[in-house]
Participant: 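The structure's right below; bear with me while I get my questions together.
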2 protein chains.
Amino acid sequence: MTPRLAPVPPDRSADQVRFEGFLRTHQLKLTGERRALLSAVLGWGSHFDADTLHMALKQKGETISRATVYRTLDLLVQCGIVRKDSLGHQQAQYEAVKPGEHHDHLICMNCGKVIEFFREDLESLQDAICAQQKFKPLHHSLQIFGICSACKGKVDEKDLAARVSQIHT
Amino acid sequence: MTPRLAPVPPDRSADQVRFEGFLRTHQLKLTGERRALLSAVLGWGSHFDADTLHMALKQKGETISRATVYRTLDLLVQCGIVRKDSLGHQQAQYEAVKPGEHHDHLICMNCGKVIEFFREDLESLQDAICAQQKFKPLHHSLQIFGICSACKGKVDEKDLAARVSQIHT
DNA sequence: GTGGATGCAAAGACTTTGCAGCATC
DNA sequence: GATGCTGCAAAGTCTTTGCATCCAC
């Protein structure tokens, strides 16, 4: 029989601990607003922008100013809990970073759905390309724009070409 | 001896013809400003933003309003002569599309250099991933951020981590 | 009690748009 | 000569910042 280990805290809590540690290290304070934002972000599950988050909190009765939302998102990005991405939008998109998980994106140009995927062979191919160029990779972002299976056949092919050329990654 | 063919016009001219055709098709007019912008864009050779282009033209004596620069870049994007990209910047970056050429980017986080590359095996791997997901790819963008060979060893490792987390693709 | 945090509103950066006069087709 | 184009300035959108007040430590 293996000896009992101390119970492993759930992931949520790990991010909370991490954020609190980050705040302490930088002599910053844990405020109610920061707590509320962290928990909203961790519970979101997909991509969001600053304003959507701001409005969602307002609807839940948590009135936090837009400025604080931006300031706190910036902190969360700095300590690695949140990733900032544009995904072809004008405004910044954010997403909670699931620990140890990196992924790339398929983005449907019809319904806007974002499909996340991870392929080890894609990662290693990129590493090989970097090695060939004597380039030290630190981060990457791959976005494939197209039409998802559910939208096939429902798309007006005519304005698709125009929209492809308008993509702004 | 093979028979002589009609001389192949240089690439520059092909883009001009394409733009003029686009304008005609859409009942738009070929103005001096549009001509100047097209030629400036084709002669640029790397990435630029709207304001840099605007200022470069002003220095050459071509005073074209910022509004027209934006409006014309939009047309050039629509007809496929120019690609719009962010490359991790706040403001939109543009680049002339060399015909038949697609490439991805290695971006040096120290000196800002952008290295373009193309790998057929990377393209086909992406196609395979899309096929598996029943996703029809139309466009993609891969940006790898890191340190170029010239900057290796010259970088302050400390603030690098912070800068990696700040990347906004 | 002190230093950092918040909210507000103002400022900023980048881009788009309305309109009167102008140029191309 | 009609229709679309330009420049200008104003408005828009998203984000950041200055400052007085407030609160976690």
Side-chain angles (χ1 to χ4, degrees), chain A residues 16 19-38 40-41 47-58 61-79 82-94 166-169, chain B residues 16 19-38 40 47-58 61-79 82 84-94 166-169:
Chain A
Q16 276 167 20
F19 188 41
E20 287 167 25
F22 173 85
L23 293 176
R24 219 174 301 117
T25 310
H26 293 73
Q27 304 177 66
L28 304 174
K29 288 168 181 170
L30 179 59
T31 64
E33 288 84 353
R34 286 178 180 167
R35 228 190 305 256
L37 279 162
L38 174 62
V41 161
H47 300 84
F48 58 89
D49 59 62
D51 202 51
T52 304
L53 181 61
H54 175 241
M55 290 191 299
L57 282 163
K58 185 180 269 177
E62 303 264 18
T63 305
I64 296 175
S65 78
R66 220 183 300 272
T68 298
V69 172
Y70 279 108
R71 285 188 278 232
T72 304
L73 281 173
D74 195 42
L75 292 177
L76 292 171
V77 167
Q78 274 176 52
C79 78
V82 164
R83 187 175 9 242
K84 195 176 178 183
D85 243 290
S86 87
L87 298 177
H89 294 74
Q90 282 287 332
Q91 68 212 99
Q93 301 292 114
Y94 298 86
Q166 293 283 13
I167 295 171
H168 175 203
T169 53
Chain B
Q16 277 167 20
F19 188 40
E20 289 167 23
F22 175 84
L23 293 177
R24 220 174 300 117
T25 310
H26 293 74
Q27 304 178 66
L28 304 175
K29 288 168 183 171
L30 179 59
T31 65
E33 287 84 354
R34 286 177 181 169
R35 228 189 305 256
L37 279 162
L38 174 62
H47 300 84
F48 57 89
D49 59 62
D51 202 50
T52 304
L53 181 61
H54 175 242
M55 290 192 297
L57 283 163
K58 185 180 268 177
E62 304 263 18
T63 306
I64 296 175
S65 77
R66 221 183 301 271
T68 298
V69 171
Y70 279 109
R71 284 188 279 232
T72 305
L73 280 173
D74 195 42
L75 291 177
L76 291 171
V77 167
Q78 274 177 52
C79 77
V82 165
K84 195 176 179 184
D85 243 292
S86 87
L87 297 176
H89 294 74
Q90 281 288 330
Q91 68 211 99
Q93 301 292 114
Y94 298 86
Q166 292 284 11
I167 295 172
H168 175 202
T169 53

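Note on naming: letters A, B, ... go to the chains in the order of the sequence lines (proteins, then strands), and numbering restarts at 1 for each one. Reckoned from all heavy atoms, side chains included, excluding hydrogens, waters and symmetry mates.
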Participant: When you check every protein heavy atom under 4.0 Å of nucleotides 20-25 of chain D, what one-letter string (B, S, -) results, 5' to 3'?
Facilitator: ----BS
Participant: Could you pull out all residues at least two apart from B/His47 that satisfy ring-ring contact (aromatic ring centres under 6.0 Å, His included)?
Facilitator: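 Listed in chain order: B/His105.
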Participant: Using modelled atom types only, decide if a donor and an acceptor are shared between the side chain of A/His54 and the backbone of A/Ala50 within a distance under 3.5 Å.
Facilitator: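 A pair under 3.5 Å: no.
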Participant: Calculate the interatomic distance between B/Leu76 atom CG and D/dC5 atom P; express it in whole Å.
Facilitator: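 The answer, rounded to whole Å, is 13 Å.
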Participant: What pairs meet the side-chain hydrogen bond (donor to acceptor under 3.5 Å, both in side chains) rule with one or both residues in residues 61-71 of chain B, with sequence neighbours excluded?
Facilitator: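 Matches after skipping sequence neighbours: B/Asp51-B/Arg66, B/Ser65-B/Thr68.
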Participant: Taking atom P of D/dT6 as reference, at what distance in whole Å does atom CG of B/Leu73 sit?
Facilitator: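 Interatomic distance, CG of B/Leu73 to P of D/dT6: 12 Å.
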Participant: Between CZ of B/Phe48 and CD of B/Gln91, what distance do you get to the nearest 0.5 Å?
Facilitator: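 B/Phe48 atom CZ to B/Gln91 atom CD measures 12.0 Å (nearest 0.5 Å).
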Participant: Quick one: B/His54 NE2 to C/dT16 P, roughly how many Å, whole number?
Facilitator: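 Distance check: B/His54 NE2 to C/dT16 P gives 15 Å.
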Participant: In whole angstrom, give the distance that lies between atom CZ of B/Arg35 and atom P of C/dA23.
Facilitator: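 After rounding, the reported distance stands at 14 Å.
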Participant: Closest approach of A/Leu57 and A/Ala40, non-hydrogen atoms and distance?
Facilitator: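 Minimum heavy-atom contact is CD2-CB, 3.9 Å.
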Participant: How does each nucleotide of nucleotides 14-19 of chain D score, in 5' to 3' order, for protein heavy atoms under 4.0 Å: base (B), sugar-phosphate only (S), or none (-)?
Facilitator: SBBBB-
Participant: Could you tell me if the side chain of B/Thr72 sits less than 4.5 Å from the side chain of B/Glu33, heavy atoms only?
Facilitator: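 A side-chain contact under 4.5 Å is absent here.
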Participant: How long is the line joining CE of A/Met55 and P of D/dT13, in whole Å?
Facilitator: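 Checked: the CE to P distance equals 13 Å.
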Participant: Just how far, in rounded Å, is C1' of C/dT24 from CD of B/Gln27?
Facilitator: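 In whole Å, C/dT24 C1' and B/Gln27 CD are 14 Å from each other.
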Participant: Identify whether any heavy atom of B/Thr72 sits under 4.0 Å from a base atom; if not, whether one sits that close to sugar-phosphate; answer base, sugar-phosphate or nothing.
Facilitator: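 The residue B/Thr72 makes no contact with any strand.
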Participant: Return the set of residues passing side chain to side chain contact (heavy atoms under 4.5 Å, CB included) with B/Arg24 (not counting sequence neighbours), or none when no residue passes.
Facilitator: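 Expected list: B/Glu20.
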Participant: B/Leu73 versus B/Leu53: any side-chain heavy-atom pair under 4.5 Å?
Facilitator: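 With C-beta onward as the side chain, the pair touches.
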Participant: Would you check if B/Leu28 and B/Arg34 make a side-chain contact, meaning some heavy-atom pair closer than 4.5 Å?
Facilitator: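 B/Leu28 reaches B/Arg34 side chain to side chain.
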Participant: As an exercise, state the distance from CG of B/Asp49 to CG of B/Asp85, rounded to the nearest 0.5 Å.
Facilitator: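 The CG atom of B/Asp49 sits 13.0 Å away from the CG atom of B/Asp85.
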Participant: Using whole Å, report how far CZ of B/Arg24 lies from C1' of D/dC5.
Facilitator: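 It works out to 18 Å between those atoms.
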Participant: Are the side chains of B/Phe22 and B/Leu76 in contact, using a 4.5 Å heavy-atom criterion?
Facilitator: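 Result no, sub-4.5 Å side-chain heavy-atom pair not found.
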Participant: Would you work out how much the helix from C/dG1-D/dC25 to C/dC25-D/dG1 bends between its ends, with each end axis defined by five base pairs, to 10 degrees?
Facilitator: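 The end-segment axes of the helix from C/dG1-D/dC25 to C/dC25-D/dG1 are tilted 30° relative to each other.
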Participant: Expressed as a whole number of angstroms, how long is the span from A/Ile64:CD1 to C/dC8:C1'?
Facilitator: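 Those two atoms, CD1 and C1', are 15 Å apart.
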